[in-house]
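Right, one structure below, let's go through it.
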Amino acid sequence: MKLQLLSLLPLASIASASWSKNINYRSPSEHHPALGISIHRVVKRNDPQSTYDTAALNFTHGVASGDPYPNSVILWTRVAPQSDNSKSNVTVTGYAPLFDHDNEKYVHVSKSPICVEYKVAKDKDLTSTVDSGKVYTSSDVDFTVKVEAKNLKPYTTYYYQFNVCNSSNKSPLGRTKTTPNAEDDITKVSLAVYSCSNYPFGFFNAYGNVARKDSVDYVIHLGDYIYEYANGEYGWGQSIGRVPQPDRQIYTLYDYRKRLATYRTDLDLVENHQQFPWIPVWDDHEVGDNTYRDGMAELNNTEDSFIKDGVGVSVDQRKMNAVRAYFEWMPIRQVDMDDNLRIWRSFSIGKLVDLTMLDTRNYDRSITDLYWNTDYIHEISNDAGRSLMGSRQENWFYRQLSESYERGATWRVIGSQIVFSRVNQSAATGNANSENYDAWGGYKANKNRTLNHLYSNNINNNIFLAGDSHASWVSDLVWLGEKDYNKSSGEGSIGVEFAGSAVTSPCPYGANITLAAANAASTWLQNANDELQWQDLYYRGYFELHFTHEKVDANFFGMPTIVSRNGWEIPLANFTVLAGANKLQRPVGGGVVESGSLKYGKVVQNNITLDTNNGTWFVSHADLEVL
Ligand SMILES: *[C@@H]1O[C@H](CO)[C@@H](O)[C@H](O)[C@H]1NC(C)=O
Ligand SMILES: *[C@@H]1O[C@H](CO)[C@@H](O)[C@H](O)[C@H]1NC(C)=O
Ligand SMILES: *[C@@H]1O[C@H](CO)[C@@H](O)[C@H](O)[C@H]1NC(C)=O
Ligand SMILES: *[C@@H]1O[C@H](CO)[C@@H](O)[C@H](O)[C@H]1NC(C)=O
Ligand SMILES: *[C@@H]1O[C@H](CO)[C@@H](O)[C@H](O)[C@H]1NC(C)=O
Ligand SMILES: *[C@@H]1O[C@H](CO)[C@@H](O)[C@H](O)[C@H]1NC(C)=O
Ligand SMILES: *[C@@H]1O[C@H](CO)[C@@H](O)[C@H](O)[C@H]1NC(C)=O
Ligand SMILES: *[C@@H]1O[C@H](CO)[C@@H](O)[C@H](O)[C@H]1NC(C)=O
Ligand SMILES: *[C@@H]1O[C@H](CO)[C@@H](O)[C@H](O)[C@H]1NC(C)=O
Ligand SMILES: *[C@@H]1O[C@H](CO)[C@@H](O)[C@H](O)[C@H]1NC(C)=O
Ligand SMILES: *[C@@H]1O[C@H](CO)[C@@H](O)[C@H](O)[C@H]1NC(C)=O
């Protein structure tokens with residue numbers, strides 16, 4: 001043993017590149033280092049004499065950055081000798097077995113480490129470098145590179161680039177931005193908020209548009225960044241040339257890597273990652289449909305499902321595979337984890353905004369609606385013991401809200417995956433008990449504890465965000481049945497919820513629903529729910545939030561078509577929340593929106609037409625009044 005160790009020393013001294021600086025070798029959990037990759041074993045296996053032809057290496061998926069702090073930010077790229085993803089498995093014993101179970105043989109893994117340099121500078125030419133370094137990557141981490149750029153200044157734009165060591169083979173140039181110091185009194189900040197990007201359902205134009213407009217500082221993703229299904233199960237990828245790989249439901253580490261890699265070929269997504277630092281969290285589909293602490297809808301946590309489905313991957317192992325690939329591919333930090341697979345974390349953006357990103361799915365939530373148990377979940381949805389987050393995360397969440405209020409941050413922004421406000425959809429679904437029990441509606445005790453914490457501590461200026469539903473819901477934040485609420489004036493509300501539509505995932509009331517049918521359903525929903533001030537089902541899209549100390553402006557955008565790559569978008573509706581008001585400014589939406597249904601307001605629809613002769617969209621101004 002000692003001799004072998006000694007023989008490694010020359011490698012360490014010749015190459016000053018670092019293995020451990022590539023964060024992806026580490027465990028996603030700092031308290032479970034064994035979940036990481038044994039760098040010692042990787043170093044032992046790699047042969048420093050055997051090198052790649054540097055020209056044959058390719059930066060296959062652009063660059064990305066994320067989880068900005070005042071002095072540092074995470075940078076990401078992938079540089080590989082192959083376009084395919086690595087089949088190396090990572091197991092809990094902490095090393096990479098080289099056996100490919102698909103092909104019943106030991107697979108070729110790289111014998112050579114790939115050395116990558118990175119530079120961070122204030123200018124696009126990277127002349128005034130403020131940080132740089134050299135790191136290794138290898139097949140063990142799917143050739144991904146994730147480093148923490150340090151020594152940065154708060155609230156500053158930086159450019160960065162990777163290159164293969166000693167070579168002019170370079171990645172694209174990325175741009176990123178640090179956050180202000182928590183105590184800095186910045187006057188404005190803008191966010192774009194996304195969820196539910198489903199590759200076989202359409203092109204990710206929504207991501208590209210924000211890059212083209214250059215309209216925000218940071219990008220928030222509330223999850224469902226990928227979907228686990230086979231194309232035929234959910235999507236029509238063949239018809240638009242977007243069949244996600246591998247073309248089957250995904251279970252293994254290779255599967256999740258390959259799926260993420262497919263999504264990251266979308267040019268608009270690549271461009272968005274290249275221009276903005278992201279703060280993402282997962283929803284359920286990064287792992288599987290309707291996940292909870294111990295299971296998911298389409299994979300039972302039983303011996304039968306393990307053996308008889310022929311999947312051969314247990315629920316826990318599937319989750320681990322998904323989580324490992326997610327951390328490899330997403331530009332996020334591995335926050336300090338005390339237990340479990342923690343992704344929930346928070347960010348201070350000066351004294352203006354405190355952003356709390358929750359995990360209402362995978363970390364520690366009680367059993368959810370798995371389709372075959374809906375009546376049971378309905379029955380227990382008001383049980384006091386149920387939690388969406390688990391007690392550790394719940395307590396952290398309430399503490400975050402209090403601390404943010406006490407330190408005097410103007411706005412508290414809560415990134416939840418699922419919709420917080422009650423949604424009675426009984427007429428639309430024909431089921432009198434129709435709430436979404438997979439959302440906060442299935443966890444009323446957790447919801448009440450949250451509202452109770454806000455009301456009893458007078459915590460104000462709360463802006464809840466949600467994705468997951470593939471539709472837009474704008475509501476006053478209320479505690480129905482407990483606190484009086486006036487839907488006309490908004491009195492009694494303690495904040496606002498902005499829940500956004502999907503980048504491409506289909507309308508929950510029918511993938512090919514007509515505008516008229518969608519707006520009729522929106523009208524029903526709007527009328528059945530007092531606090532629901534605007535609802536739209538028709539448009540795929542996203543929203544932007546523009547914060548100052550005086551107000552928040554929310555702008556919702558809809559994509560007229562996503563079956564082709566195009567830059568067309570329609571401003572759907574605009575909302576304002578004044579500081580201290582804790583409700584939507586009246587008249588809500590200025591009294592007029594483009595689509596859906598607006599309480600006490602009207603929908604004025606600009607007829608949008610594609611001229612097939614010249615391929616451009618134009619507004620034909622029918623100004624059709626729907627309501
Ligand atoms: C590098 O990767 C890109 C993106 O996957 C691909 O389009 C290009 O053909 C690759 N280049 C080489 C030389 O393999
Ligand atoms: C390792 O990967 C293979 C397929 O590449 C898969 O069949 C096997 O279940 C994986 N093992 C684990 C522990 O994930
Ligand atoms: C890169 O070049 C430097 C000197 O120019 C040399 O010391 C170093 O070993 C080279 N590194 C690699 C990985 O080839
Ligand atoms: C899981 O178990 C339930 C209850 O037995 C059953 O209805 C459902 O079909 C099973 N799902 C799968 C994917 O095996
Ligand atoms: C939550 O609050 C509502 C309104 O007061 C009440 O009807 C419901 O029983 C409460 N549920 C729990 C579990 O606290
Ligand atoms: C609700 O607010 C409206 C003003 O928007 C007011 O006219 C009405 O009286 C209020 N209703 C109650 C019950 O206070
Ligand atoms: C819905 O539209 C898509 C894309 O245009 C098409 O591929 C699909 O067949 C349509 N589905 C139905 C049920 O009409
Ligand atoms: C939902 O709304 C319908 C129509 O307004 C009503 O009959 C039903 O009781 C409501 N259900 C719930 C759970 O509030
Ligand atoms: C929303 O605001 C934008 C400008 O910020 C404007 O172009 C658009 O017409 C507004 N949309 C609606 C529906 O009011
Ligand atoms: C929209 O415009 C097109 C072409 O100008 C027209 O055929 C269509 O009837 C209009 N639709 C509505 C709803 O006004
Ligand atoms: C395309 O045609 C429409 C009218 O059909 C016109 O309004 C628009 O300006 C044209 N665009 C271009 C780029 O020629």
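Counting from 1, the numbers follow the sequence of the chain as shown. All ligand and atom numbering here is 1-based and tracks the order in the structure. Quick caveat: nothing in here was measured; it's all calculated off a predicted structure.
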Does [X] pair with [Y] as a salt bridge, N-O distance under 4.0 Å?
| X | Y | value |
| --- | --- | --- |
| Arg242 | Asp266 | yes |
| Glu544 | Lys213 | yes |
| Arg365 | Asp438 | yes |

Report summary line: Value for CD1 (Ile494) from CG (Asn461), rounded to nearest 0.5 Å, stands at 10.0 Å
Query raised in the report: Between Trp282 and Tyr363, does the ring centre distance come in under 6.0 Å?
Result: no
Report task. Examine Phe557 together with Tyr542 and report whether their ring centres are nearer than 6.0 Å. Result -> yes
Requested in this report: Please confirm whether the backbone N or O of Ile250 pairs with a side-chain atom of Asp255, one donor and one acceptor, at under 3.5 Å?
Outcome: no
Query raised in the report: Okay, side chain of Arg342, backbone of Trp344: is any donor-acceptor separation there less than 3.5 Å?
Result: yes
Query raised in the report: Where's the contact between Asn448 and ligand 5, heavy-atom distance under 4.0 Å: side chain, backbone, both or neither?
Result: side chain
Suppose we measure from [atom] to each protein heavy atom; which comes out shortest, and what is that distance?
| atom | value |
| --- | --- |
| atom 12 (C) of ligand 7 | Asn512 ND2, 3.0 Å |
| atom 11 (N) of ligand 5 | Asn382 OD1, 2.6 Å |
| atom 13 (C) of ligand 6 | Asn486 ND2, 4.5 Å |

Using a 4.0 Å cutoff against the non-hydrogen atoms of [X], which atoms of ligand 5 qualify?
| X | value |
| --- | --- |
| Gly481 | 4 (C), 5 (O) |
| Ala445 | 13 (C) |
| Trp479 | 2 (O), 4 (C) |

**Report entry** ligand 5 N/O within reach of Glu482 N/O, cut-off under 3.5 Å
**Finding:** yes
Query raised in the report: Do any nitrogen or oxygen atoms of Lys444 lie less than 3.5 angstrom from nitrogen or oxygen atoms of ligand 5?
Result: no
Query raised in the report: Name the one of Ile343, Ile220, Leu465 that satisfies side-chain contact (heavy atoms from CB on, under 4.5 Å) with Met357?
Result: Ile220
**Report entry** Heavy atom of Leu480, distance to ligand 5 below 4.0 Å
**Finding:** yes
Query raised in the report: Taking distance alone, with no angle check, do Trp236 and ligand 7 share an N/O pair under 3.5 Å?
Result: no
From [atom], is the closest protein heavy-atom distance below 4.0 Å?
| atom | result |
| --- | --- |
| atom 2 (O) of ligand 7 | yes |
| atom 5 (O) of ligand 6 | yes |
| atom 9 (O) of ligand 6 | no |

Report task. Classify the angle between the aromatic ring planes of Tyr229 and His285 as parallel (below 30°), tilted (30 to 60°) or perpendicular (above 60°). Result -> tilted
**Report entry** Residue Ser489 vicinity, atoms of ligand 6 by number, heavy atom under 4.0 Å
**Finding:** 2 (O), 5 (O)
